[in-house]
Number of protein chains: 2
Amino acid sequence: MPARQTSKPQISKPQTSKPRARRQTPEARPYHHGDLRRVLIDAALQLAAEGAEVSVREAARRAAVSPGAPFRHFPNRDALMAAVAEEAQRRFRAEIEAALAEAPSADPLARFRAFGIAYVRWAMRYPAHFEIISTGRYFAHGSSAELTRDNDELVALTERMLAEAAEQGLLRSTDLKRILIAGRALIYGFARMNLDGHFPRWGVAEAEVERLAEGVIDLFIAGIGKS
Amino acid sequence: MPARQTSKPQISKPQTSKPRARRQTPEARPYHHGDLRRVLIDAALQLAAEGAEVSVREAARRAAVSPGAPFRHFPNRDALMAAVAEEAQRRFRAEIEAALAEAPSADPLARFRAFGIAYVRWAMRYPAHFEIISTGRYFAHGSSAELTRDNDELVALTERMLAEAAEQGLLRSTDLKRILIAGRALIYGFARMNLDGHFPRWGVAEAEVERLAEGVIDLFIAGIGKS
DNA sequence: CTCGAAATGTAATCGATGATTACATAATGG
DNA sequence: CCATTATGTAATCATCGATTACATTTCGAG
């Protein structure tokens with residue numbers, strides 16, 4: 001994958017076509033490139049999805065733009081990564097909520113189960129994106145209000161499910177915080193074990209993972225349930 | 001932290017003292033530096049502990065050696081990281097086993113508890129080291145036989161504890177694999193949530209973490225236990 | 001409509017990094 | 001004692017994130 005031509009003359013871009021690019025939304029945007037910011041985020045997102053290192057230069061390259069251009073839209077690499085994380089988190093949350101929309105609203109523990117399964121599935125399907133939103137290793141996590149908000153709402157979601165379960169007398173223990181953290185640790189830990197490549201060492205085959213996730217979550221729910 | 005002088009004349013090293021450095025072990029080692037390999041690993045380990053980026057050059061700098069020297073001992077950066085991981089894993093395993101040596105050998109679930117707590121504590125105390133040995137993001141995890149072996153033995157350790165618990169009729173379920181993975185996911189997930197900075201978002205204070213870990217593990221054990 | 005200010009992109013450059021190479025030197029062992 | 005070999009140095013490359021000076025396009029006020 002290395003050995004990328006560095007002396008490529010950059011094509012110099014004839015710039016003849018592209019008539020005008022009238023704006024369509026009330027928010028106005030189109031400048032030179034059209035919407036470099038958006039394109040850069042998508043490029044970075046795809047870069048991550050490909051398992052490649054996400055570099056500002058490579059994103060710029062894919063947007064057919066000079067290496068300095070991205071810095072007009074992001075003060076530094078971390079800011080780009082934060083934007084990428086926001087986008088990923090938005091998609092993540094949307095998928096979780098879609099899964100919950102199909103779950104029986106009456107049974108809080110069934111909803112918890114659906115949440116956990118959707119969580120693990122998304123992490124399996126978009127490992128690089130999950131990595132970005134979950135570790136804060138690529139940028140300062142608190143730097144994005146949107147990210148924090150999205151995350152907090154997901155936390156509140158599971159909190160409500162457990163509170164409801166407690167109200168309905170479904171739980172053995174009343175220490176909701178402990179149950180909440182344990183449940184999340186289980187789900188997060190399972191997703192990460194898969195992501196971090198632990199499962200081969202545990203004799204768990206790729207095809208088995210999803211079913212195992214269900215089993216593990218069921219075990220947990222049975223453990224906290226009454227009787 | 002940047003702006004490090006690049007034109008530093010490197011001191012040219014008088015090299016007068018250091019009489020001979022007779023070898024002591026049957027394995028022979030002392031060449032020029034003494035034991036650059038060892039020193040580089042320690043430097044990298046400390047670099048990680050300081051939260052800094054681990055770079056080959058910086059490790060070389062700390063060993064007072066030229067930037068190319070490390071490559072005589074490691075074919076590339078990843079190989080250095082693998083050696084660092086081996087060292088970290090060795091220490092990790094030693095601490096886990098020390099903790100288990102103090103646990104009651106008769107009660108397998110108590111041993112499991114002790115294992116989990118020691119695991120989380122080590123991860124809290126040496127976050128960068130834990131990160132290195134647990135993610136495989138810094139090098140190809142399967143590339144080190146020693147690392148694989150150490151890890152497998154830790155897996156086998158918990159496996160045995162659960163098998164014993166099952167023999168003594170302490171468990172509700174007979175699906176040991178499921179319980180094993182769930183337990184590990186819980187412990188690993190908890191450690192990672194702490195490492196990845198999730199807990200502030202969950203309203204968990206730093207000082208609270210260790211006690212919460214115990215609670216969460218107890219909750220799990222109660223969940224899988226009979227009655 | 002026009003023209004200047006602001007937004008956006010380019011080109012060149014900097015220091016740092018991982019990696020490779022040619023060369024120097026010190027240790028080992030026949 | 002000396003040649004082989006292990007070890008380290010110096011120089012060099014390409015890539016990266018970042019900054020700066022400069023060019024060009026867009027927009028809006030008059």
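Sequence lines set the chain letters: A, B, ... in the order given, protein chains first and strands last, and positions in each chain run from 1. Computed from heavy atoms alone, side chains included, the values below leave out hydrogens, waters and symmetry copies.
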Along DNA chain D (nearest heavy atom to each residue), the more 5'-positioned of B/Leu36 and A/Val56: B/Leu36

A/Asp150 side chain near A/Phe92 side chain, heavy-atom distance below 4.5 Å: no

Nearest-nucleotide pick for A/Asn76, side chain only, options being C/dT17, C/dG9, D/dA18: D/dA18

Phosphate OP1/OP2 of D/dA23 contacted by A/Arg72 side-chain N/O (<4.0 Å): no

Within the 6.0 Å centroid threshold, strictly below: A/Phe130 and A/Tyr119: yes

A/His73 side chain near C/dG9 phosphate (N/O to OP1/OP2, under 4.0 Å): yes

Partner residues of A/Asn194 under the side-chain contact (heavy atoms from CB on, under 4.5 Å) criterion, sequence neighbours left out: A/Met124, A/Phe199, A/Val209

Residues B/Arg62, B/Leu47; criterion side chain to side chain contact (heavy atoms under 4.5 Å, CB included); working and verdict: CA-CA 10 Å; B/Arg62 300 214 173 178; B/Leu47 232 25; 3.1 Å; yes

Touch class at under 4.0 angstrom, heavy-atom based, for A/Arg77 against every strand present: sugar-phosphate

Options D/dG8, D/dT19, D/dC16, nucleotide nearest the side-chain atoms of B/Ser66: D/dG8

Whole angstrom value for the distance that separates C1' of C/dG9 from CZ of A/Phe74: 15 Å

Closest-nucleotide 5' rank along DNA chain C - winner of A/Arg57 and A/Ala69: A/Ala69

